[in-house]
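To keep things clear, I will list the structure first and then write my remarks on it.
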Amino acid sequence: MKHLPKTRNIGISAHIDSGKTTLTERILFYCDKIHKIEDVRGGGDGAKMDHMELEKEKGITITSAATTVNWVGTEGKGITFAEGAEKEIKVNIIDTPGHVDFTVEVERSLRVLDGAILVLCSVAGVQSQSITVDRQMKRYKVPRLAFLNKMDRMGANAFNGVKSLREKLNHNAVLMQLPIGAEDNFQGVVDLVSKKAYFFDGNNGENVRIEECPADMVDSMEENREAMLDAISEFNDEMMEKLLEGEEVTEELIHKAIYAGVNSLKLTPVFCGSAFKNKGVQPLLDAVARYLPSPLTCAKPTAVRTTDGKEDRFQLEVDFNKPLVCMGFKITDEQFGQLTYTRIYQGVLEKGATVYNTRTKKKIRVGRIVRMNSNDRDNIDSAGAGDIIAMVGVDCASGDTFVSDDEMLDVSCEGMHVPIPVIELSIKAKDKDQQAKMSKGLSRFMKEDPTFHVFTDEESGETRIAGMGELHLEIYVERLKREYKADVEVGAPQVNYRETIRVEAGYDYIHKKQTGGAGQFGHVVGKIRPLTEETKENEDQNFKFNNKIKGGVIPGEFIGACEKGFEDVMDKGPIAAFPLINVEVDLLDGKHHDVDSSDMAFRIASRMAMRQAVRAASPVLLEPMMKVEVETPDEYQGFVIGDLSSRRGIIQGSETAQGGGDTVVNAVVPLSEMFGYSTDLRSGTAGKATYTMEFAQYSECPKNIQEKVIKDREEKMAERS
């Protein structure tokens, strides 16, 4: 337990190409974990945390990677905290992808972390994926620091970065440092707490030179320091009193106030630097140690105990003496067996120990435990509550809970939000030998990634894969070819449509069948209605069942069968056999027969009643709408807006990009109209515009589109028959 106050579990998250992996590479170097800095792009072995060949080729992070470093402070003398000086901090870091197609990597990382660094480009400020990442941090109540990276770029402006954090993300963002110079002349930072200037010398910025604030910056420093102190004083009464009385505030008190603000989720301290130019990283590490929580001080994790179908939430204790509870939040297949990244919430996990998987109820022996450094690993004998490690050779799925006590088999750690796949394509192996390789790869990928789905089309018998976007599926197809040597062909991408209902409708259905011996009888009465955001129990819920039976007209033992029957129909809607979403069902009345009623009878009755009700509830086809953000030079703004409008896009506005020069156009566009957009955008803007796209919501299809989708669906079915 002694090391827990000195442990930090953090994630580094941001919009794509903001410099997360470059920042992590510098952290590894300054903590003596690596001895040579590699760039994300361009020659060499590639960045340590981007270990997949595809990551090195494309220059993007595809899968999150974990590592552990030790940090002794910028001056190597320990870090001064509100509680005193600590000699060394252990930091477990997870570097996450920025591309929205791999958003599940960010979800599962933030689910198990205690704190995070939100990296922003100091030129562009808050971008589309920054908003997504911030939403994920808020979902899991993760305290965060902000780091304005790329201060050496043309147009870099720390004050604009703080402004966009406040205006676009509604953060109480407070600047903790002033940049010394900017763009090509960026030299270092002035710390507003200590009033000292930090310069970064040596070939890789490893020698931190601390001096007095430059004379020409003293006035600006004092003015911004006063604003910083005023903003953080609301988190410490003693500090507020001293400021009101005109007394000097100690650095210790300032650190205390910032720590309180960050951990209340009501303050975002903002730091700045240039990871690529090796400036500003060491003070950021000091801030991680000072202001982000340890496993002991973070919000207590919760688990769910399910008894007789009822869920009871309770808090886990960060205690080595309690029974083990840990969660495998990410899995990958390795040469020597499956690698399961695991967060230990309670108790101790030892090499050779026997644990239980609470989903499968199976007993498992943990033969090997390792501490990860990207794709390298160090064997360890044990790990305790608050730690992030990996188990080797344990067969499980992503999100499984492990316990040491068989009396805790009804316990599971709270899950994470898994977005709905919006795009799918057919995939076919060239022969039986290739089919076996393809099947092996697809089953592994599905186990690793909850947003990657594999299914067989009932009408055609073809294999289809579904995911978050074209790049998401493209990467998995490429991995099939490279890692499994599977020779596969893929069809054109297709949109994942959904169906729903628009109005309330009633149902009254009797299932009655008499054969020799016992018959079947079930009678259900009730109504269905659209499930709204207000009535959902969580954001992932698409079906809700309300049992309103009184007087036992349908016995309790048949209610579960009724619910299953209603839910069965959610798989195929009446319009074009796409899955139904957002339906709420009330079971109000019914009848049973003492002899002929059974689970099966009531399940069939409910299934038929649901089909009857859905057809009467004005069903409609829904299409996925994408939030599209295009950054383009001014002269091509007209083309971009016209092109998006021609794709049925709704233009939500345009603004000058932070740093000036380019224009950012925001729109919501149907996914079906966005295939091939990157090629059209490049040709229409001479290759000067860039865009990002992420799922926004499902919206009702226009009548002509709905008719076209139904017609295409019918034609396909006719071809197959």
Side-chain angles (χ1 to χ4, degrees), residues 73-75 79-82 117-118 120 122 125 143-149 151 156-167 171-182 185-200 208-264 266-274 279-292:
T74 294
E75 299 176 73
I79 303 138
T80 306
F81 293 80
I117 300 172
L118 175 61
L120 301 174
S122 57
R144 84 292 305 254
L145 312 175
F147 181 65
L148 293 173
N149 195 21
M151 282 300 300
N157 188 309
F159 295 100
N160 283 348
V162 171
K163 185 181 176 187
S164 69
L165 273 167
R166 289 174 179 163
E167 291 179 354
H171 280 219
N172 179 16
V174 178
L175 203 57
M176 294 287 141
Q177 298 169 333
L178 288 184
I180 302 172
N185 195 34
F186 177 61
Q187 299 168 43
V189 295
V190 174
D191 178 44
L192 294 179
V193 177
S194 66
K195 305 187 188 180
K196 301 286 186 184
Y198 287 72
F199 298 93
F200 305 90
V208 182
R209 176 164 45 95
I210 303 175
E211 296 186 355
E212 294 302 317
C213 176
D216 61 342
M217 290 185 66
V218 169
D219 289 345
S220 174
M221 182 271 291
E222 292 291 359
E223 182 185 332
N224 282 282
R225 188 175 194 265
E226 194 175 316
M228 180 269 289
L229 293 176
D230 188 50
I232 66 171
S233 63
E234 66 176 280
F235 302 106
N236 186 289
D237 292 341
E238 184 185 349
M239 181 177 170
M240 186 174 280
E241 279 179 33
K242 284 185 178 291
L243 286 176
L244 289 171
E245 290 167 10
E247 294 180 31
E248 189 62 35
V249 181
T250 64
E251 286 185 27
E252 181 186 350
L253 204 51
I254 296 171
H255 292 319
K256 258 187 183 175
I258 298 170
Y259 178 86
V262 169
N263 288 275
S264 68
K266 293 177 181 175
L267 176 70
T268 305
V270 182
F271 301 84
C272 55
S274 168
K279 291 178 170 64
V281 177
Q282 295 96 324
L284 178 66
L285 275 169
D286 288 348
V288 166
R290 284 192 181 112
Y291 308 133
L292 292 180

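Throughout, residue positions are numbered sequentially from 1 according to the sequence presented. Just so you know, these numbers come straight off a predicted model, no measurement behind them.
At least one side-chain heavy atom of M239 sits under 4.5 Å from a side-chain heavy atom of L229. Residues I180 and F199 have side chains in contact (heavy-atom distance under 4.5 Å, counting atoms from C-beta outward). M176 has its side chain out of reach of L145: every pair of non-hydrogen atoms, C-beta onward, lies at least 4.5 Å apart. Here the side chains of F147 and L120 are not in contact, with every heavy-atom distance at 4.5 Å or above. Proximity of E234 to K266: side-chain heavy atoms (C-beta onward) are nowhere separated by under 4.5 Å. Annotation: side chain of L175 is not in contact with side chain of M228 (no heavy-atom distance under 4.5 Å). A heavy-atom distance below 4.5 Å is found between the side chains of L244 and M240. Contact check for F271 versus P283: no side-chain heavy atoms found under the 4.5 Å cut-off.
To the nearest 0.5 Å, the span separating CG on D219 from CG on N224 amounts to 11.0 Å. Summarising the geometry, atom CZ belonging to R144 is positioned 10.5 Å from atom CG belonging to L292; distances are rounded to the nearest 0.5 Å. How far CG of N157 is from OG of S164: 10.0 Å, rounded to the nearest 0.5 Å. Rounding to the nearest 0.5 angstrom, the gap separating the CZ atom in F200 from the OG1 atom in T74 is 7.0 Å. K279 NZ to C272 SG: the interatomic distance, rounded to the nearest 0.5 Å, is 12.5 Å. For the atom pair CD1 of I254 and NZ of K256, the computed distance is 13.0 Å after rounding to the nearest 0.5 Å.
Not counting sequence neighbours, the partners of A231 by the side-chain contact (heavy atoms from CB on, under 4.5 Å) test are V174. The salt bridge (charged side-chain N to carboxylate O under 4.0 Å, His left out) search around E247 returns K242, not counting sequence neighbours. Residues passing the salt bridge (charged side-chain N to carboxylate O under 4.0 Å, His left out) test with E223, sequence neighbours excluded: none. Under the salt bridge (charged side-chain N to carboxylate O under 4.0 Å, His left out) criterion, R209 pairs with D201, E211, not counting sequence neighbours. For E251, the side-chain contact (heavy atoms from CB on, under 4.5 Å) test picks out V193, S194, H255, with sequence neighbours left out. Not counting sequence neighbours, the partners of N263 by the side-chain contact (heavy atoms from CB on, under 4.5 Å) test are P143, Y259, P293.
Of the possible polar contacts, none joining the D191 side chain to the K196 backbone as a donor-acceptor pair under 3.5 Å is found. N160 contributes no side-chain N or O that, together with a main-chain N or O of G125, makes up a donor-acceptor pair within less than 3.5 Å. Judged purely by atom type and a 3.5 angstrom limit, S122 uses its side chain to pair as donor or acceptor with the backbone of N149.
Minimum interatomic distance between L165 and A146 (heavy atoms only, all atoms of both residues): CD1-CB, 3.9 Å. In plain terms, the two heavy atoms of S264 and G261 that are nearest each other are OG-O, 2.8 Å. When all heavy atoms are compared, the tightest approach of A257 to I232 is CB-O, 3.6 Å. Residues M221 and C213 share a closest heavy-atom pair of CB-SG, 4.0 Å. Nearest heavy-atom pair, S274 versus M151, reported as atom, atom and distance to 0.1 Å: CB-N, 4.1 Å. Annotation for I258 and P269: closest pair CG2-CG, 3.8 Å, computed over non-hydrogen atoms.
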